[in-house]
A.B. asks: 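Just dropping this structure here.
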Amino acid sequence: MAGLIPQSFIDEVNDRVDIVDVISSRVKLKKAGKSYLGLCPFHNEKTPSFNVVPHKQFYHCFGCGASGNALKFLLEHDRMPFPEAVEELARMAGMEVPREHNPEADRRRKQQKTLYGVLEQAADFYRRQLREHSGGDGAVRYLKERGLSGQVAQQFAVGFAPPGWDSLLREMKVDEDRHQLERLVESGMTIAREDGRTYDRFRNRIMFPIRDIRGRVIAFGGRVMGDDKPKYLNSPETPIFHKGRELYGLYEALQAKRQPERFLVVEGYMDVIALHQFGLPYGVATLGTATSTDHLAKLFRLANEVIFCFDGDDAGRKAAVRALDTALAEAGDGRTLRFLFLPQGEDPDTLIRQEGLEAFEARLDASPTLSEFLLQHWQEQVDMETMDGRARLVHIALPQLKQLPESGMLLPLIIQRLADIAGLPPELIRQRLAELPEPRASVAAAAEHPIARPADTPPPPPMADDPGAPPAWMQEGPPPDIQSGPPEGRFEAAFMRPPSPRDLNQTRQPPPWQKAMALMLCWPSLATQVDIGERQFREGDHVAWVKSMLTLLQSHPAQNRYEAMDQLAPHGFEELLRGLSRTEYFAILTRQSEPGQHHKDILRALLRDLTHEPSEREEYEQLKQLWLTDRKKMTQIQKERYLELLKKSKMSPTFE
């Protein structure tokens with residue numbers, strides 16, 4: 001595999017990290033002699049049987065038998081991918097994760113290191129300009145008017161981008177080093193025009209460096225001081241910056257307290273800094289996007305409580321309702337989600353200045369929890385004085401209840417409370433929830449279920465080239481018994497873990513594998529127009545589903561989506577297709593009558609993300625297998641390439 005983490009480092013980081021620090025941020029522990037005790041997070045119990053032994057760097061539950069070291073705890077409790085779990089432990093131990101030699105991985109690391117360096121230089125330049133540039137006086141005056149102290153501005157490394165089109169370009173001396181110009185464009189700090197000229201992206205703005213969890217500058221946000229538009233401007237996506245994963249102020253929050261109890265998600269940079277200045281260091285902000293599952297997963301790995309902050313007007317209520325899609329999927333035992341609504345015309349910055357830290361935190365403590373907000377939201381939509389209204393209350397609640405994790409105590413508690421409010425037995429609600437049918441794969445059905453699309457999104461218009469009715473099995477439940485299973489060795493779909501409803505419920509920003517499958521399902525012809533060449537798919541169940549769908553549609557082309565569904569169904573795709581067809585992204589695609597060139601380009605880009613270039617060693621092993629087993633089917637180019645690699649392997653057995 002590319003870029004493997006050496007086992008020696010994994011052993012070392014496990015030895016150096018404090019397992020009590022790792023687990024106590026997620027489980028409440030109490031000292032008991034040389035060990036620590038708590039309620040086991042892997043099963044429900046009332047008497048503590050979860051034992052953490054610091055001198056052995058080991059945990060064990062005498063109730064369910066769960067045991068292991070700090071790394072295993074992160075893998076099983078947080079469901080973190082292995083590399084991320086090692087990265088998290090390394091961060092806690094103050095260590096840098098090394099990687100075994102691989103040319104492609106080395107190239108990516110070198111590229112990332114270069115971009116980190118460029119952005120750090122830019123941050124230093126902007127900080128100096130705040131003090132030295134003549135326009136910096138206006139920026140300092142603006143910050144003081146907003147009540148920011150010099151100390152907190154320095155703590156967040158606030159700077160100033162001078163007016164003019166090439167201030168940063170000249171600072172970086174691109175005339176002397178043309179490679180520096182390429183780095184600036186790649187980092188998003190400058191923009192390249194079609195005529196070959198480049199100019200600074202940020203001009204005459206107050207600059208806020210965005211730092212990752214390790215404190216490295218990965219992007220910037222810039223704010224104007226007047227009425228120019230846009231008020232805020234963020235860096236674009238780059239190889240080291242992804243808006244849907246990063247949070248402004250998270251690094252500073254962890255510097256203030258290594259293990260925060262809670263996080264407050266606010267809207268703007270100034271809110272985060274003002275909260276920090278007035279004694280509330282756990283404020284973070286999304287970067288021009290809605291809060292994603294990646295955001296929440298990252299926050300819940302560090303604390304047990306997350307509070308969303310919204311304006312108290314109608315727009316704030318609508319934003320809160322939209323945030324439910326993400327919050328429901330991340331709800332669970334040991335996690336608290338709250339929804340704070342501010343007074344009309346106030347934001348966190350102004351409110352904490354007016355009423356002080358103690359009163360502001362009292363608002364946080366009194367804010368509705370996820371379950372309280374859900375019940376309130378449902379009741380606001382019906383007339384609770386009538387039987388019809390109470391019946392509708394349960395009807396609108398069921399689709400969102402379906403999104404809550406089935407394991408744990410939150411779902412049954414909400415069902416019990418809902419039953420009390422509606423005056424119905426909870427067993428009836430549980431029965432209706434279990435019987436809740438999957439939405440049909442029709443465009444109209446997408447408007448009927450909040451799980452498929454936000455309520456304020458209009459249903460898509462009929463397609464100009466409607467392919468007809470969905471297959472009967474899509475409308476009536478499971479498909480009829482199919483005699484033929486998946487062809488041996490070709491389609492592994494039937495043997496893989498199918499994506500769960502939580503995996504597919506990514507209505508705001510679906511992951512690459514889901515986008516790729518939705519594009520191929522909507523327009524099967526796209527699958528026949530892309531070629532991944534010698535690239536190999538990455539590991540993972542979801543990626544394997546993409547590979548299977550692409551292979552099947554290329555070998556058996558379909559005319560439309562419903563024909564594709566019938567062809568995919570016999571190979572284990574039934575439940576996946578039902579879930580995929582009710583996602584928001586698929587519904588958006590079906591509004592367009594035919595695919596364009598940009599759809600093909602999107603699919604190609606997605607497949608590039610899901611594959612990796614084979615190393616010479618991998619390519620050699622593949623060709624060697626083909627040479628030994630079925631040489632007649634090899635093309636002349638393949639034979640020549642094999643002989644070339646064979647010669648190279650003899651000269652250098654460790655070639656990559």
Side-chain angles (χ1 to χ4, degrees), residues 1-32 34-43 45 48-102 105 108-109 112 212-216 245 250-251 254 257-260 293-304 330 332-335 407 497 538-543:
M1 288 181 61
L4 288 174
I5 303 173
Q7 183 61 46
S8 58
F9 177 81
I10 297 172
D11 296 337
E12 182 182 0
V13 77
N14 258 318
D15 291 339
R16 288 180 57 174
V17 78
D18 187 344
I19 192 171
V20 175
D21 285 347
V22 176
I23 296 179
S24 63
S25 64
R26 296 155 174 84
V27 178
K28 188 174 181 180
L29 299 176
K30 185 177 181 180
K31 192 81 163 63
K34 294 183 179 180
S35 303
Y36 290 80
L37 281 177
L39 295 174
C40 180
F42 301 109
H43 80 287
E45 62 176 6
S49 60
F50 185 73
N51 192 34
V52 182
V53 187
H55 65 280
K56 293 184 178 181
Q57 291 289 290
F58 189 79
Y59 70 86
H60 178 78
C61 176
F62 293 98
C64 67
S67 62
N69 56 20
L71 179 58
K72 187 178 180 183
F73 182 84
L74 292 182
L75 293 173
E76 296 189 353
H77 180 268
D78 289 11
R79 301 185 301 278
M80 296 175 69
F82 185 85
E84 289 186 17
V86 178
E87 289 274 3
E88 174 69 7
L89 291 182
R91 181 193 68 80
M92 296 183 70
M95 302 170 68
E96 184 79 20
V97 179
R99 301 276 180 166
E100 291 181 352
H101 176 66
N102 178 276
R108 286 196 299 269
R109 283 197 301 276
Q112 292 174 352
D212 66 10
I213 202 167
R214 292 164 60 181
R216 299 173 298 190
R245 301 177 192 169
L250 181 57
Y251 170 73
L254 295 176
K257 189 170 186 180
R258 183 180 178 186
Q259 295 179 355
T293 52
D294 284 339
H295 287 143
L296 275 182
K298 178 177 286 190
L299 294 177
F300 274 127
R301 286 199 292 268
L302 299 166
N304 296 324
E330 293 299 321
D333 293 354
R335 294 180 171 184
S407 60
R497 178 185 68 82
R538 301 183 186 278
E539 294 185 355
D541 288 337
H542 297 159
V543 178

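From a predicted model like this one, the values you see are computed outputs, not experimental measurements.
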A.B. asks: Please examine the side chains of Arg335 and Asn304, heavy atoms only from C-beta on, and report whether any two atoms are closer than 4.5 Å.
C.D. replies: no
A.B. asks: Do Pro48 and Lys30 come close enough that some side-chain heavy atom pair is under 4.5 Å?
C.D. replies: no
A.B. asks: Run the ring-ring contact (aromatic ring centres under 6.0 Å, His included) test against Phe62 and tell me which residues pass, sequence neighbours left out.
C.D. replies: His60
A.B. asks: Does the Lys28 side chain pair with the main chain of Leu39, one donor and one acceptor, at a distance under 3.5 Å?
C.D. replies: no
A.B. asks: Any chance you could lay out the side chain to side chain contact (heavy atoms under 4.5 Å, CB included) test for Val17 and Gln57, step after step, and finish with the verdict?
C.D. replies: CA-CA 9 Å; Val17 78; Gln57 291 289 290; 4.2 Å; yes
A.B. asks: Which of parallel (below 30°), tilted (30 to 60°) and perpendicular (above 60°) describes Phe42 and Phe73?
C.D. replies: perpendicular
A.B. asks: Looking only at heavy atoms, what is the nearest atom pair of Pro98 and Pro6, with distance?
C.D. replies: O-CD, 3.4 Å
A.B. asks: Can you confirm whether Ile213 sits close enough to Tyr251 that some side-chain heavy atom of one is under 4.5 Å from a side-chain heavy atom of the other?
C.D. replies: no
A.B. asks: At their closest point, which heavy atom of Cys64 faces which heavy atom of Cys61, and how far apart are they?
C.D. replies: N-SG, 3.4 Å
A.B. asks: What closest approach, in Å, do Ala85 and Leu74 show between heavy atoms, and which atom pair accounts for it?
C.D. replies: O-CD1, 3.7 Å
A.B. asks: Which pair of non-hydrogen atoms, one from Pro260 and one from Leu254, has the smallest distance, and what is that distance?
C.D. replies: CD-CD2, 3.9 Å
A.B. asks: Between Val86 and Phe9, is the side chain to side chain contact (heavy atoms under 4.5 Å, CB included) condition met? List the steps.
C.D. replies: CA-CA 9 Å; Val86 178; Phe9 177 81; 4.0 Å; yes
A.B. asks: Would you check if Leu89 and Leu71 make a side-chain contact, meaning some heavy-atom pair closer than 4.5 Å?
C.D. replies: yes
A.B. asks: For Val13 and Val97, what are the C-alpha separation, side-chain angles and deciding distance, and is it a side chain to side chain contact (heavy atoms under 4.5 Å, CB included)?
C.D. replies: CA-CA 9 Å; Val13 77; Val97 179; over 6 Å; no
A.B. asks: If we ignore hydrogens and angles and just use 3.5 Å, is the side chain of Ser25 paired with the main-chain N or O of Val22 as donor and acceptor?
C.D. replies: yes
A.B. asks: Without swapping roles, check the side chain of Lys72 against the backbone of Ser67 for a donor-acceptor pair under 3.5 Å.
C.D. replies: yes
A.B. asks: What distance do Asp11 atom CG and Asn69 atom CG have between them, rounded to the nearest 0.5 Å?
C.D. replies: 9.0 Å
A.B. asks: Could you go through the side chain to side chain contact (heavy atoms under 4.5 Å, CB included) check for Phe50 and Ile23 one step at a time?
C.D. replies: CA-CA 11 Å; Phe50 185 73; Ile23 296 179; 3.8 Å; yes
A.B. asks: So how far is it from Tyr36 OH to Asn51 CG, rounded to the nearest 0.5 Å?
C.D. replies: 11.5 Å
A.B. asks: Less than 4.5 Å apart, side chain to side chain, heavy atoms only: is that true for Leu250 and Lys298?
C.D. replies: yes
A.B. asks: Do Arg26 and Phe300 make a side-chain contact, defined as non-hydrogen atoms from C-beta onward lying under 4.5 Å apart?
C.D. replies: no
A.B. asks: Does the side chain of Glu88 reach to within under 4.5 Å of the side chain of Leu302, using non-hydrogen atoms?
C.D. replies: yes
A.B. asks: Please confirm whether the backbone N or O of Ser49 pairs with a side-chain atom of Glu45, one donor and one acceptor, at under 3.5 Å?
C.D. replies: yes
A.B. asks: For a salt bridge (Lys or Arg N to Asp or Glu O under 4.0 Å) check, start with the C-alpha distance between Arg16 and Glu12, then their side-chain angles and the critical distance, and finish with the verdict.
C.D. replies: CA-CA 6 Å; Arg16 288 180 57 174; Glu12 182 182 0; 3.5 Å; yes
A.B. asks: Look up atom NE2 in His295 and atom CZ in Arg245, then write down how far apart they are to the nearest 0.5 Å.
C.D. replies: 10.0 Å
A.B. asks: I need the Ser24 OG to Leu29 CG distance, nearest 0.5 Å.
C.D. replies: 6.0 Å
A.B. asks: Any heavy-atom pair between the side chains of Tyr59 and Val53 that's under 4.5 Å?
C.D. replies: no
A.B. asks: Under the rule for salt bridge (charged side-chain N to carboxylate O under 4.0 Å, His left out), what residues qualify as partners of Lys56, not counting sequence neighbours?
C.D. replies: none
